[in-house]
Every structure is written in structure tokens, then in C-alpha cells.
S.K.: 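I'd like to ask some things about the structure below.
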Amino acid sequence: MKQIRLSIISTIDPEDGGDPEEIVQEMEGRLIERESEWVVKYTEKPGTPDEVKTTVKAGEDEVTIIRQGMIAYRQRYHPGETTICVVETPGGTSEMEVHTLAYRREREEAQGRIQFSFRLTMAGEPMGRYQLLIQWTEVPA
């Protein structure tokens with residue numbers, strides 16, 4: 001397991017004529033490299049009631065996001081496929097459907113990146129086009 005410094009850039013295009021929104025997050029995390037899978041773990045808002053632990057499992061052809069906390073779900077993103085999962089929130093559960101448009105991962109020495117895009121539908125309502133870019137740099141021990 002390696003300590004990493006993460007940068008997560010989320011771009012949300014509502015596709016309804018509204019302006020795209022970009023959210024940038026910087027945080028510490030951990031990287032575990034398995035035979036064909038990279039596992040990135042990080043915690044958003046640690047120590048608060050809104051804390052969410054996220055695990056990103058990046059395989060060669062698809063990525064799986066597992067979130068645990070105020071919001072909890074396990075969603076798989078595979079290019080060209082539509083996948084469905086159940087999202088648990090304090091207000092109840094909802095169905096999340098994603099149609100993955102693209103996915104790729106890159107690794108170079110002490111750095112790496114995972115990038116994927118998808119169209120999101122929550123409880124039957126289109127939410128727009130999302131793009132996530134997760135970049136990291138290993139922190140020297």
C-alpha cells in the first residue's frame with residue numbers, strides 16, 4: 001500500500017443548456033496495486049457526519065466505485081454499457097443508472113490517472129453528462 005496525493009476533478013454538464021460545473025477536490029489517499037487492478041482509497045470530509053469513504057477499483061476495461069457513508073452505493077462503469085445500482089441516502093434509497101461513454105487509465109512511474117465519462121439517470125430522471133478525472137502522485141515514504 002502506498003500513500004498518495006489525490007486530485008479529483010468532476011465535470012457535470014446538465015445537457016439542458018445550462019453551464020457545466022467543475023468540482024475540484026484535493027486529498028490524501030492510498031493506492032494498492034494488484035495484478036490487473038489498481039485500488040485507490042480516500043475519505044471525503046473525514047471526521048464529520050458527512051464523511052464518505054470511497055474505493056475506486058480500476059481494472060483494464062472497467063472501473064468500479066464503492067462509496068460508504070451518508071451516501072452509499074457500488075457502481076460499475078464499463079464503456080458502452082448501461083449499469084444500474086441502488087443508492088442509499090439518509091432520505092431513503094434511489095436507483096442510479098449510468099451509461100458509460102469512455103474509460104481509460106494510465107500509470108507512469110510515481111503517478112497515475114483514471115478518467116471516465118458517463119450519462120447519469122437518478123430515479124428515472126436524466127441528470128446530465130459527468131466526467132471524472134482522478135490523478136495521483138505517490139508520497140515518498
Side-chain angles (χ1 to χ4, degrees), residues 1-91 93-141:
M1 185 180 336
K2 298 172 182 169
Q3 295 295 317
I4 56 175
R5 181 83 191 142
L6 280 165
S7 168
I8 302 169
I9 302 170
S10 308
T11 306
I12 305 162
D13 180 353
E15 296 187 312
D16 63 357
D19 293 329
E21 178 184 1
E22 184 175 280
I23 301 166
V24 179
Q25 296 175 282
E26 307 264 341
M27 64 191 83
E28 304 289 325
R30 293 172 288 152
L31 171 68
I32 302 162
E33 293 181 273
R34 297 184 178 143
E35 189 171 322
S36 63
E37 184 177 66
W38 307 337
V39 180
V40 175
K41 295 183 174 211
Y42 57 91
T43 302
E44 296 174 55
K45 301 178 183 174
T48 72
D50 297 333
E51 178 179 288
V52 177
K53 294 181 179 181
T54 302
T55 301
V56 180
K57 294 184 173 184
E60 292 177 8
D61 301 322
E62 65 182 34
V63 61
T64 300
I65 305 289
I66 303 162
R67 301 191 77 191
Q68 297 171 306
M70 288 286 285
I71 299 171
Y73 63 85
R74 178 188 183 101
Q75 180 64 278
R76 188 173 63 87
Y77 303 81
H78 187 102
E81 285 187 12
T82 298
T83 51
I84 297 171
C85 75
V86 173
V87 179
E88 296 176 22
T89 68
T93 60
S94 181
E95 187 177 89
M96 177 168 74
E97 177 183 308
V98 298
H99 179 75
T100 307
L101 303 169
Y103 163 69
R104 72 179 201 197
R105 65 177 195 173
E106 298 170 349
R107 186 87 164 95
E108 184 176 309
E109 296 181 6
Q111 300 180 354
R113 63 191 295 167
I114 298 165
Q115 187 169 11
F116 59 105
S117 61
F118 56 92
R119 285 204 163 80
L120 174 66
T121 303
M122 290 294 295
E125 183 177 341
M127 304 300 287
R129 183 177 186 269
Y130 286 64
Q131 181 170 326
L132 263 72
L133 172 61
I134 302 169
Q135 302 178 96
W136 70 87
T137 302
E138 292 176 18
V139 176

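Predicted model, so just to flag it, every value in this text is computed and none were measured. Side chains included, hydrogens not; waters and symmetry mates left out as well; all remaining heavy atoms used.
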S.K.: Can you measure from CD (Glu81) to CD1 (Ile84) and round to the nearest 0.5 angstrom?
M.R.: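 Here the rounded value is 11.5 Å.
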
S.K.: Is the shortest heavy-atom distance from the side chain of Gln3 to the side chain of Arg30 under 4.5 Å?
M.R.: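 Yes. Closest side-chain heavy atoms under 4.5 Å.
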
S.K.: Tell me whether Glu26 at atom CD has more than 12 heavy atoms from other residues, nucleotides or ligands lying less than 6.0 Å away.
M.R.: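 Atom CD in Glu26 is crowded, with more than 12 foreign heavy atoms closer than 6.0 Å.
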
S.K.: Of all heavy-atom pairs between Ser94 and Ala123, which one has the smallest distance, and what is that distance?
M.R.: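 Minimum heavy-atom separation between Ser94 and Ala123: OG-CB, 3.6 Å.
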
S.K.: In the structure I gave you, are the side-chain heavy atoms of Val52 and Lys45 within less than 4.5 Å of one another anywhere?
M.R.: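 They are not in contact (no side-chain heavy atoms under 4.5 Å apart), so the answer is no.
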
S.K.: Provide the closest heavy-atom pair for Val39 versus Thr55 in the form atom of the first, atom of the second, distance.
M.R.: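 Smallest heavy-atom distance, with atoms named: CG1-CG2, 3.7 Å.
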
S.K.: Give a yes or no on whether the ring-centroid distance for Tyr103 and Tyr77 is below 6.0 angstrom.
M.R.: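 Ring centroids of Tyr103 and Tyr77 are no less than 6.0 Å from each other.
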
S.K.: Please name the pair of heavy atoms, one in Glu60 and one in Ser36, separated by the smallest distance, quoted to 0.1 Å.
M.R.: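 Result for this residue pair: OE2-CB, 3.6 Å.
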
S.K.: Could you check if a side-chain atom of Ser7 sits within less than 4.5 angstrom of a side-chain atom of Gln135, using non-hydrogen atoms only?
M.R.: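 Yes. Closest side-chain heavy atoms under 4.5 Å.
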
S.K.: Decide yes or no for Glu15 and Met127: does some side-chain heavy atom of the first lie under 4.5 Å from some side-chain heavy atom of the second?
M.R.: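 A side-chain contact under 4.5 Å is absent here.
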
S.K.: What's the shortest heavy-atom distance between Pro90 and Met70, and which atoms?
M.R.: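 Reported closest heavy-atom pair: CD-O, 3.1 Å.
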
S.K.: Measuring from Glu138:CD to Leu31:CG, what's the distance to the nearest 0.5 Å?
M.R.: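 Glu138 atom CD to Leu31 atom CG measures 6.5 Å (nearest 0.5 Å).
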
S.K.: Under 4.5 Å between any side-chain heavy atoms of Glu106 and Gln115, yes or no?
M.R.: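 Side chain of Glu106 against side chain of Gln115, heavy atoms only: no contact under 4.5 Å found.
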
S.K.: How long is the straight-line distance from CG of Leu6 back to OG1 of Thr54, given to the nearest 0.5 Å?
M.R.: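 Here the rounded value is 10.0 Å.
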
S.K.: Measure the shortest side-chain to side-chain distance between Trp136 and Arg107 over non-hydrogen atoms and say whether it is less than 4.5 angstrom.
M.R.: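 Side-chain contact under 4.5 Å: yes.
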
S.K.: Atom CG of residue position Asp19 - does it have more than 12 heavy atoms of other residues, nucleotides or ligands inside 6.0 Å?
M.R.: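 For Asp19, atom CG is not crowded (no more than 12 foreign heavy atoms under 6.0 Å).
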
S.K.: Decide yes or no on side-chain contact (heavy atoms from CB on, under 4.5 Å) for Thr100 and Glu62, but give the supporting numbers first.
M.R.: CA-CA 9 Å; Thr100 307; Glu62 65 182 34; over 6 Å; no

S.K.: Do Thr43 and Glu51 pair up side chain to side chain, a donor and an acceptor below 3.5 Å, judged on atom types alone?
M.R.: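 Distance-only check fails for Thr43 and Glu51.
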
S.K.: Thr83 pairs by side-chain hydrogen bond (donor to acceptor under 3.5 Å, both in side chains) with which of Arg76, His78, Gln75, Glu97?
M.R.: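 Considering Arg76, His78, Gln75, Glu97, a side-chain hydrogen bond (donor to acceptor under 3.5 Å, both in side chains) with Thr83 is found only for Gln75.
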
S.K.: Looking only at non-hydrogen atoms, find the nearest pair between Val139 and Arg5 and report the distance.
M.R.: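 Taking Val139 first and Arg5 second, the nearest heavy atoms are CG2-N, 3.8 Å.
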
S.K.: To the nearest 0.5 angstrom, please state how far the OH atom of Tyr73 sits from the CD atom of Glu88.
M.R.: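 Reported value, rounded in 0.5 Å steps: 12.5 Å.
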
S.K.: Please tell me if the side chains of Tyr42 and Ile8 come closer than 4.5 Å, counting only heavy atoms from C-beta onward.
M.R.: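 Tyr42 vs Ile8: side chains touch.
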
S.K.: Can you measure from CD (Gln131) to CD1 (Ile12) and round to the nearest 0.5 angstrom?
M.R.: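 Result: 11.5 Å between the selected atoms.
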
S.K.: Step by step, work out the side-chain contact (heavy atoms from CB on, under 4.5 Å) result for Trp38 and Val56.
M.R.: CA-CA 8 Å; Trp38 307 337; Val56 180; over 6 Å; no

S.K.: Is there side-chain contact between Phe116 and Val98, with at least one heavy-atom pair below 4.5 Å?
M.R.: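 Phe116 vs Val98: side chains apart.
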
S.K.: Rounded to the nearest 0.5 Å, how far does NZ of Lys57 lie from CZ of Arg34?
M.R.: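 Reported value, rounded in 0.5 Å steps: 5.5 Å.
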
